[in-house]
Undergrad: 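Would you mind keeping the following structure in view while I ask a few things?
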There are 2 protein chains.
Amino acid sequence: MSQSGDIIRKLSKQGYRLTPQRMMILEVVERADSHISAEEIYTQILARYPHLNISTVYRTLELLKELGLVTETDLGDGRVRYHSMKKGRHHHLVCQKCGAIIDLDESVLSPLKVALLREYKFSADLRHLAIFGRCANCR
Amino acid sequence: MSQSGDIIRKLSKQGYRLTPQRMMILEVVERADSHISAEEIYTQILARYPHLNISTVYRTLELLKELGLVTETDLGDGRVRYHSMKKGRHHHLVCQKCGAIIDLDESVLSPLKVALLREYKFSADLRHLAIFGRCANCR
DNA sequence: ACAGCGATTGCAACCATTTGCAATTGCAAT
DNA sequence: ATTGCAATTGCAAATGGTTGCAATCGCTGT
């Protein structure tokens, strides 16, 4: 964790405490192959360290979101998934028929972001979106 | 309910049954001032007609969504809200600081829809979106 | 090293929504 | 009008996530 120092500083600078639970949760999210659910984070940590409650996982993920370290997205499978911001921004197209998930570059949404800013003076938080619809094969 | 005929035909044509519960739920959604929650639909009907279960409300709303009669949207207050399709399409900008909700014309999202169709051959279902961020006053 | 205080955690209860299943009911054929 | 059967409902349990509160713990100043 060469980058932990940054995060530790970021936390303590804003008056947040560095607890073992927080460190482990952040570590699991950063290590994760890709999008990981709260339950998955919870059971992974519990296997090695039994002093953790699921509500702490949710509260910590909320904090990491506010600090801009993770993003969340709902791919439509009844649970929210989290993703380390360090691993790059992107979005998803989710086919409602076959379930295919197509990754989408951030740039596709920049015109929308610009339009909302210009026409409504609204700064949209389009960090990690899931857009539902039908893929090429399912129409 | 001058339009009920349409809906009744639409239901029975596809093998769905016309139950009193369904009729009342649809009626309440169509009558509603604007975006209404499942719980609100449930209690409104229960006041006059006691044979209704909340899970029937959810299942009926799911059906009405599939038939294109209602849309749902999550304005970030921990419950999903429903809206009659007959009352026009629109989207919402939700300010995460002050909670302001700005209504958005459908047209703002058409360039995105076109781009996704052209570049990804993906037909996006952008029926009733909530976009989160910061409004003009809160930046 | 220790005390004090506020931040954080665990716990249990709660909330909105979904699901499996048996009982009921709408509707088509008779 | 009656029957048969699949669609629908009600119920109760389960799911993912949130919250209030008392107990605990990290950090700052001594």
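What you are looking at is a predicted structure, and each value in this text was computed from that prediction instead of being measured. Throughout, protein chains are lettered first and strands after them, A, B, ... in sequence-line order, and every chain is numbered starting at 1.
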Undergrad: Can you tell whether the side chains of B:Glu39 and B:Arg79 come within less than 4.0 Å, N to carboxylate O?
TA: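 Between B:Arg79 and B:Glu39 there is no salt bridge, as every charged N stays at least 4.0 Å from the carboxylate O atoms.
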
Undergrad: State whether A:Asn53 places a side-chain N or O below 4.0 Å from either non-bridging phosphate oxygen (OP1 or OP2) of C:dT9.
TA: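 No, because none of the side-chain N or O atoms of A:Asn53 sits under 4.0 Å from OP1 or OP2 of C:dT9.
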
Undergrad: Just by distance, no angles: are the side chains of A:His90 and A:Asp105 close enough, under 3.5 Å, to form a donor-acceptor pair?
TA: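 Note: A:His90 and A:Asp105 side chains miss the donor-acceptor criterion.
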
Undergrad: In whole angstroms, how far is the P atom of C:dA12 from the OH atom of A:Tyr58?
TA: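 For the pair A:Tyr58 OH and C:dA12 P, the rounded distance is 18 Å.
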
Undergrad: When you measure from the side-chain N and O atoms of B:Arg17 to the phosphate of D:dT8, is any distance below 4.0 Å, counting only OP1 and OP2?
TA: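 Result: no.
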
Undergrad: Picking from C:dC27, D:dT9, C:dT9, which would you name as closest to the side chain of B:Leu18?
TA: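 Looking only at side-chain atoms, B:Leu18 lies closest to C:dC27.
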
Undergrad: When we call it a touch if two heavy atoms are under 4.0 Å apart, what does B:Ile54 touch: a base, just sugar-phosphate, or nothing?
TA: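 Touches nothing.
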
Undergrad: In whole angstrom, what separates A:Leu61's CG from C:dT9's P?
TA: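 About 12 Å, once rounded to whole Å.
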
Undergrad: Please compare B:Tyr16 and A:Pro50 by the position of their nearest nucleotide in DNA chain C and report the one closer to 5'.
TA: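 Nearest nucleotide further toward 5': that of A:Pro50.
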
Undergrad: Quick one: label A:Arg22 by what it contacts on the DNA or RNA (base, sugar-phosphate, nothing), any heavy atom closer than 4.0 Å.
TA: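 Since only primed, P, OP1 and OP2 atoms lie under 4.0 Å of A:Arg22, the category is sugar-phosphate.
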
Undergrad: If I take atom CD in residue B:Gln14 and atom C1' in nucleotide C:dG26, what distance separates them, rounded to the nearest angstrom?
TA: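 The distance from CD of B:Gln14 to C1' of C:dG26 comes to 17 Å, rounded to the nearest Å.
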
Undergrad: If the threshold is 4.0 Å, N to carboxylate O, is there a salt bridge linking B:Arg127 and B:Glu72?
TA: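 B:Glu72 and B:Arg127: not salt-bridged.
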
Undergrad: Whole Å only: how far is the OH atom of B:Tyr49 from the C1' atom of D:dT9?
TA: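 Taking atom C1' of D:dT9 as the reference, OH of B:Tyr49 is at 10 Å.
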
Undergrad: Nearest whole Å is fine: how far is D:dT18 P from A:Glu62 CD?
TA: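 That distance rounds to 7 Å.
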
Undergrad: Considering only side-chain heavy atoms of B:Ser55, which listed nucleotide, C:dC11, D:dA12, C:dG26, is closest?
TA: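 So the nucleotide nearest the side chain must be D:dA12.
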
Undergrad: Given the side-chain rings of A:His35 and A:His128, with only the six-membered ring counted for Trp, is the space between their centroids under 6.0 Å?
TA: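 They qualify: ring centres under 6.0 Å apart.
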
Undergrad: Just compare D:dG26, C:dG26, C:dG10 and give me whichever is closest to any side-chain atom of A:His51.
TA: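 Comparing D:dG26, C:dG26, C:dG10 against the side chain of A:His51, the answer is C:dG10.
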
Undergrad: With distance as the sole criterion, do the side chain of B:Arg79 and the base of D:dG17 form a donor-acceptor contact below 3.5 Å?
TA: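 When only heavy-atom distances are counted, B:Arg79 does not reach the base of D:dG17 through any donor-acceptor pair under 3.5 Å.
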
Undergrad: Kindly check if the number of other-residue, nucleotide or ligand heavy atoms within 6.0 Å of CE (A:Met85) is above 12?
TA: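 Yes, CE of A:Met85 has more than 12 neighbouring heavy atoms, counting only those of other groups under 6.0 Å.
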
Undergrad: Measure from NZ on A:Lys13 to C1' on C:dA7 and round the result to the nearest Å.
TA: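 Atom NZ in A:Lys13 sits about 20 Å away from atom C1' in C:dA7.
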
Undergrad: Without decimals, in angstroms, what is the distance between A:Asp77 CG and C:dT17 C1'?
TA: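 In whole Å, C:dT17 C1' lies 15 Å from A:Asp77 CG.
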
Undergrad: Examine D:dT9: is either OP1 or OP2 under 4.0 Å from a nitrogen or oxygen in the side chain of B:Thr19? Give yes or no.
TA: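 The answer is yes; a side-chain N or O of B:Thr19 sits under 4.0 Å from OP1 or OP2.
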
Undergrad: Once you apply a heavy-atom cut-off of 4.0 Å, does B:Gln21 come out as touching a base, just sugar-phosphate, or nothing?
TA: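 Here B:Gln21 touches the backbone only, sparing every base.
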
Undergrad: Rounding to a whole Å, what distance do you find between A:Arg81:CZ and D:dG17:C1'?
TA: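 Distance, rounded to whole Å: 15 Å.
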
Undergrad: Do A:Arg59 and D:dG17 share a donor-acceptor pair, side chain to base, under 3.5 Å?
TA: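 Counting by modelled atom types and ignoring angles, no donor-acceptor contact under 3.5 Å is found here.
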
Undergrad: Provide the Watson-Crick or G-U wobble partner of D:dT3, both distances under 3.5 Å; none if there is no partner.
TA: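 The answer is C:dA28, by the H-bond criterion.
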
Undergrad: Using a strict 4.0 Å threshold on nitrogen-to-oxygen distance, state whether B:Lys65 and B:Glu62 make a salt bridge.
TA: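 Between B:Glu62 and B:Lys65 there is a salt bridge, with a charged N closer than 4.0 Å to a carboxylate O.
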
Undergrad: Could you say whether B:Val80 or B:Ser12 is positioned toward the 5' end of DNA chain C, judged by the nucleotide with the nearest heavy atom to each?
TA: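 In this pair, the answer is B:Val80.
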
Undergrad: Just to confirm, is there a sub-4.0 Å distance from OP1 or OP2 of C:dG10 to any side-chain nitrogen or oxygen of A:Thr56?
TA: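 Checking C:dG10 against A:Thr56, a side-chain N or O does come within under 4.0 Å of OP1 or OP2.
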
